[in-house]
Amino acid sequence: QVQLVESGGGLVQAGGSLRLSCAASGRTFTSYTMGWFRQAPGKEREFVAAIRWSEGSTYYADSVKGRFTISRDNTKNTVNLQMNSLKPEDMAVYYCAATRNVKISITPNRYDYWGQGTQVTVSS
């Protein structure tokens with residue numbers, strides 16, 4: 001049974017940083033693509049970043065490129081999202097997701113498993 005558990009959300013001032021973690025369990029994820037999505041109130045879930053677990057290739061939404069960094073830790077089986085220079089528009093619930101597709105996808109319905117989400121609040 002696949003489980004994705006996010007942590008690390010919280011309240012931060014604009015310009016600050018947060019590090020989100022996603023603990024993945026239930027199977028070997030080396031052939032998976034892992035993604036981070038976010039959803040603000042009244043808006044659709046949007047892609048933030050993704051990483052192919054096997055070789056570590058990454059892809060970012062334009063809105064976070066240069067500010068956010070996705071990485072994976074093979075020893076801890078976690079996927080992390082380092083978020084710097086946070087803006088009020090980054091405020092949302094952030095979700096970790098996993099897909100068996102080898103191609104990185106920015107479409108939520110391409111992902112097979114989801115975490116419960118963690119709230120990120122950015123004060124201006």
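Computed over heavy atoms, backbone and side chain alike; hydrogens, waters and symmetry mates excluded.
- Counting heavy-atom neighbours within 6.0 Å of Lys65 NZ, excluding the residue itself, gives a total above 12.
- When side chains are defined from C-beta on, Thr33 does not count as touching Val102, because their heavy atoms never get closer than 4.5 Å.
- Surrounding CZ of Arg45 are more than 12 heavy atoms belonging to other residues, nucleotides or ligands, all under 6.0 Å away.
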Open item on the list: Is there a side chain to side chain donor-acceptor pair (under 3.5 Å) between Tyr59 and Arg52? Walk through the geometry before answering.
Closed with: CA-CA 9 Å; Tyr59 187 76; Arg52 289 185 61 183; over 6 Å; no

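- Asn84 and Gln82 share a donor-acceptor pair across their side chains, judged by distance under 3.5 Å alone.
- Taking the ring centre of Tyr95 as origin, the terminal cationic atom of Arg38 falls outside the region bounded by 6.0 Å and 45° from the ring axis.
- Asp73 and Thr75 form a side-chain donor-acceptor contact under 3.5 Å, judged by distance and modelled atom types alone.
- A donor-acceptor pair is defined here as one N or O able to donate and one able to accept, closer than 3.5 Å; no such pair exists between the side chain of Tyr60 and the backbone of Ala50.
- Under the 6.0 Å cut-off for aromatic ring centres, Phe47 and Phe37 qualify, their centroids lying closer than that.
- Between Phe68 and Tyr94, the ring planes are tilted. Angles from 30° to 60° get that label.
- A distance-only check finds a donor-acceptor pair linking the side chain of Thr118 to the backbone of Gly9 [under 3.5 Å].
- No more than 12 heavy-atom neighbours from other residues, nucleotides or ligands sit within 6.0 angstrom of CD on Gln13.
- Comment: Lys87 does not engage Asp90 in a salt bridge, judged by the lack of any side-chain N to carboxylate O separation of less than 4.0 angstrom.
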